[in-house]
Chemist: 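Take this structure first; my questions come after.
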Amino acid sequence: MAANNRRMSGKKGAQVGSGGQRRRGLEGKGPTPPAEMRKGHAKQRAAQAKSRRATGRPQPKGRGGRSAAELVVGRNPVVEALREGVPASTLYVQQFIDNDERVREALQLAAERGGINLMEAPRPELDRMTNGLNHQGLVLQVPPYEYAHPEDLADAAYDEGEDPLIVALDGVTDPRNLGAVVRSVSAFGGHGVVVPERRAAGMTAGAWKTSAGTAARTPVARATNLTRALEAYKKAGIVVVGLAADGEVEVDQLEALEGPVVIVVGSEGKGLSRLVGETCDFRVRIPMPGGAESLNAGVAAGVVLYEAARRRA
């Protein structure tokens with residue numbers, strides 16, 4: 001009988017115990033799920049951000065990595081940094097320093113702000129710390145900057161029920177330009193700035209000073225690869241707009257600024273890199289009747305951000 005069963009098992013056709021698997025395989029998978037349930041969709045990201053807010057779960061911070069600590073050296077630079085609210089962890093003061101007006105102001109500003117350690121150090125120690133720079137007896141230590149992740153900027157916008165308005169910088173190496181862009185993003189209701197990890201300006205003391213304090217409330221994200229970060233934004237339903245002198249559309253004609261958008265600004269000399277330019281959905285130009293060949297990153301970003309804010313008002 002067992003032998004007969006083995007012979008039967010070799011026959012073609014449905015076998016006992018299939019449970020209708022072949023029939024179910026021909027059935028459809030049902031209706032397309034709503035946008036809120038589709039992985040990677042912009043509405044799903046907004047729903048997830050709303051859920052995080054409802055549960056009180058904090059937004060992820062520092063996923064973009066940290067910069068190195070920085071030293072501000074010299075009496076005037078130290079005083080200016082303290083005046084402008086540049087983050088600081090320690091103020092080093094040389095032993096037996098000539099106590100002039102700048103030294104007194106630095107000590108007073110550090111004491112008023114609170115949270116800044118005051119350390120007295122011999123001159124040889126300060127020389128070693130600054131690699132022999134002319135520190136004039138004052139050295140201010142700026143702690144590492146905690147960069148966000150590019151995804152965090154869009155999530156924060158959706159969390160507030162707003163369309164993302166983000167600026168990405170391509171090849172901008174001057175920290176003062178970065179600080180100016182941060183200031184413009186803050187002024188026109190943007191949600192943050194994205195910079196590449198390499199060959200780009202970072203949040204140094206110079207960038208903090210130029211931002212005039214707005215860097216404290218406007219996040220800066222760092223992308224390992226800017227092109228991939230822009231492609232991820234596009235997959236999430238965010239339009240990527242690149243500024244170019246030979247752009248096909250003038251900025252005041254671009255309706256995409258009314259919705260979720262990333263504005264990409266290149267360097268003043270070279271403009272957008274090839275790969276970044278090819279990734280953009282639109283390449284737009286800023287009309288310049290005066291005949292100027294280009295604008296620096298801070299001014300260019302400010303012009304487009306103003307147009308976006310005007311359209312969204």
Side-chain angles (χ1 to χ4, degrees), residues 42-43 45-46 49 148 150-172 177-196 201 207 210-212 214-215 217-221 223 226-227 229-268 271-272 276-277 279-289 292 294-313:
K43 288 190 175 181
R45 298 168 67 84
E151 291 180 0
D152 297 341
L153 307 186
D155 284 346
Y158 289 128
D159 193 20
E160 297 296 325
E162 300 174 353
D163 286 328
L165 178 57
I166 300 166
V167 174
L169 301 182
D170 178 27
V172 175
N177 270 334
L178 171 57
V181 171
V182 169
R183 188 172 183 176
S184 294
V185 169
S186 176
F188 294 111
H191 300 99
V193 180
V194 180
V195 297
T210 310
S211 77
T214 58
R217 57 181 181 272
T218 303
V220 176
L226 183 59
T227 302
L230 296 176
E231 290 172 346
Y233 279 138
K234 291 174 66 172
K235 290 179 180 178
I238 303 175
V239 177
V240 177
V241 174
L243 299 188
D246 58 348
E248 299 82 14
V249 185
E250 290 193 358
V251 65
D252 59 344
Q253 300 172 350
L254 188 64
E255 296 181 358
L257 293 176
E258 299 174 9
V261 65
V262 177
I263 302 163
V264 189
V265 183
S267 65
E268 185 175 353
L272 299 175
V276 169
T279 304
C280 295
D281 296 302
F282 298 97
R283 294 171 71 252
V284 302
R285 65 182 183 275
I286 298 174
M288 290 182 284
S294 63
L295 300 172
N296 67 35
V299 175
V303 171
V304 184
L305 286 165
Y306 167 77
E307 178 63 20
R310 185 186 69 81
R311 287 177 172 269
R312 294 169 181 228

Chemist: List for me each residue that meets salt bridge (Lys or Arg N to Asp or Glu O under 4.0 Å) alongside Asp281, sequence neighbours excluded, and say none if there are none.
Modeler: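 Scan of Asp281 (salt bridge (Lys or Arg N to Asp or Glu O under 4.0 Å), adjacent residues dropped) gives Lys234.
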
Chemist: Run the side chain to side chain contact (heavy atoms under 4.5 Å, CB included) test against Thr227 and tell me which residues pass, sequence neighbours left out.
Modeler: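 Partners of Thr227 by the side chain to side chain contact (heavy atoms under 4.5 Å, CB included) criterion, ordered by chain and then number, come out as Asn225, Glu231, Leu275, Val276, Thr279.
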
Chemist: Please test Leu153 against Val194 for side chain to side chain contact (heavy atoms under 4.5 Å, CB included), starting from the C-alpha separation and ending with a verdict.
Modeler: CA-CA 9 Å; Leu153 307 186; Val194 180; 3.6 Å; yes

Chemist: How far apart are the closest heavy atoms of Thr214 and Ser211, and which atoms are they?
Modeler: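 Closest pair (atom of Thr214, atom of Ser211, distance): OG1-O, 2.7 Å.
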
Chemist: Mind checking what makes salt bridge (Lys or Arg N to Asp or Glu O under 4.0 Å) contact with Arg183, not counting sequence neighbours?
Modeler: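 With sequence neighbours excluded, Arg183 shows a salt bridge (Lys or Arg N to Asp or Glu O under 4.0 Å) to no residue whatsoever.
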
Chemist: What pairs with Ala207 under side chain to side chain contact (heavy atoms under 4.5 Å, CB included), at least two apart in sequence or on another chain?
Modeler: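 Side chain to side chain contact (heavy atoms under 4.5 Å, CB included) list for Ala207, sorted by chain: Pro175, Leu178, Met203, Thr204.
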
Chemist: Would you name the heavy atoms of Ile286 and Ala300 that are closest together and state the gap between them?
Modeler: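 Here Ile286 and Ala300 meet closest at CD1-O, 3.8 Å.
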
Chemist: With a cut-off of 3.5 Å and sequence neighbours excluded, list every side-chain donor-acceptor pair involving residues 238-252.
Modeler:
unit_1, atom_1, unit_2, atom_2, d
Asp246, OD1, Arg283, NH2, 2.7
Glu248, OE2, Arg283, NH1, 3.0

Chemist: First locate atom CG of Asp163, then atom NE2 of His191, and finally report the distance between them rounded to the nearest 0.5 Å.
Modeler: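 Going from CG on Asp163 over to NE2 on His191, the span is 8.5 Å.
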
Chemist: Kindly give the heavy-atom pair with the smallest separation between Pro196 and Leu226, and that separation in Å.
Modeler: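 Between these two residues, the closest heavy atoms are CG-CD2, 4.1 Å.
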
Chemist: Around atom CZ of Phe188, are there more than 12 heavy atoms from other residues, nucleotides or ligands closer than 6.0 Å?
Modeler: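 Yes.
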
Chemist: Testing the basics here: between Asn296 and Val299, what is the closest heavy-atom pair and its distance to 0.1 Å?
Modeler: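 It is OD1-N, 2.9 Å.
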
Chemist: Output all residues satisfying side-chain hydrogen bond (donor to acceptor under 3.5 Å, both in side chains) with Ser186, sequence neighbours left out; order by chain, then residue number.
Modeler: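 In terms of side-chain hydrogen bond (donor to acceptor under 3.5 Å, both in side chains), with neighbours along the sequence ignored, Ser186 is linked to Arg217.
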
Chemist: So, Tyr233 side chain and Ala154 main chain: donor-acceptor pair closer than 3.5 Å or not?
Modeler: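 No, Tyr233 side chain to Ala154 backbone: no donor-acceptor pair under 3.5 Å.
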
Chemist: Nearest heavy-atom pair of Tyr158 and Ala236: which atoms, and what distance?
Modeler: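 Nearest heavy atoms, Tyr158 then Ala236: OH-O, 4.2 Å.
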
Chemist: For Glu255, what residues pass the salt bridge (Lys or Arg N to Asp or Glu O under 4.0 Å) criterion, not counting sequence neighbours?
Modeler: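 Expected list: none.
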
Chemist: Any side chain to side chain donor-acceptor pair (under 3.5 Å) involving residues 297-313? Give me the pairs, sequence neighbours left out, ordered by first then second residue.
Modeler: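 Counting only pairs at least two positions apart or across chains, the side chain to side chain donor-acceptor pair (under 3.5 Å) contacts touching residues 297-313 are Glu258-Arg311, Glu307-Arg310, Glu307-Arg311.
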
Chemist: Ignoring hydrogens and angles, write down the donor-acceptor pairs under 3.5 Å from the side chains of residues 164-172, residues two or more places apart or on other chains.
Modeler:
unit_1, atom_1, unit_2, atom_2, d
Asp170, OD2, Ser273, N, 2.7
Asp170, OD2, Ser273, OG, 3.0

Chemist: Any idea which heavy atoms bring Pro150 and Ala223 closest together, and the distance?
Modeler: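 Heavy atoms of Pro150 and Ala223 come nearest at CG-CB, 4.0 Å.
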
